[in-house]
Amino acid sequence: MPKSKETISTSESGSESEEEVKQKSMPASKKRQLQEKEKEKKKPKPKSESESEASEASEASDSEEEAKSKKRPKKTNNKAPAKKAKTNDDGETSWELGNMKFVTIRTFKGKLLVDIREKYMDKNSGDLKPGKKGISLNVENWKQFYDIVEEVNEAVKSQ
């Protein structure tokens, strides 16, 4: 004679309770509802209004402190150590802007260029070499750029 679901108290291994057997035969939505009810039972009982307000305030300050500690440290403003020009072995004059960025005056194929570029440390030779990020301005472009620098500076200040 077949046994009903209610009379089955153990599985083949004999380790499941009646509750577990019932949960296996339930639809998923019912299982979720039961899980939510169990979570609510495990939650601490509500406190009085004054206690809950005090704990919420302390939790808020704790979470604010955690958020502040998780923020990235602010980058320091790496200003150029000096505005003095340096001349390298190739006769190029350069100024360091900070963060491995340089302004260099050089000649390339007989043309004078103002090069504003990031540099990197070559692993093999240990020398500073020009990177991909940057721009080389010929004398005409440099003059145009120089003419609008004040206007750009004002726009930056107003932002």
* Asked: Roughly how far, to the nearest 0.5 Å, is CD of E96 from NZ of K119?
  -> 9.5 Å

* 4.5 Å side-chain heavy-atom contact, D127 and Y120 -> no

* So how far is it from T104 OG1 to W95 CH2, rounded to the nearest 0.5 Å? -> 8.5 Å

* At what distance, to the nearest 0.5 angstrom, does CG of N138 lie from CD of Q144? -> 8.0 Å

* To the nearest 0.5 Å, what is the distance between OG (S94) and CD1 (I116)? -> 12.5 Å

* ring pair (Phe, Tyr, Trp, His ring centres under 6.0 Å) contacts in which one or both residues fall within residues 133-159, not counting sequence neighbours -> W142-F145

* Answer whether the closest heavy-atom distance between the side chains of M121 and L128 falls below 4.5 Å. => yes

* Asked: Would you say the side chain of R106 lies within less than 4.5 Å of the side chain of E92, judging by non-hydrogen atoms?
  -> yes

* Asked: Quick one: CD1 on I105 to OG on S136, what's the gap to the nearest 0.5 Å?
  -> 12.0 Å

* Distance in Å, L112 CG paired with E140 CD, rounded so as to fall on 0.5 Å steps -> 13.0 Å

* Asked: Can you hop from I135 to F108 via hydrophobic side chains spaced under 4.5 Å?
  -> no

* Asked: Is it true that a side-chain atom of N99 and a backbone atom of K101 form a donor plus acceptor pair closer than 3.5 Å?
  -> no

* **R117 to P130 - nearest heavy-atom pair and separation** => CD-CB, 3.5 Å

* **Co-membership, hydrophobic cluster, residues V149 and V114, 4.5 Å side-chain** => yes

* Asked: With side chains defined as the heavy atoms from C-beta onward, is the minimum distance between L113 and L137 less than 4.5 Å?
  -> no

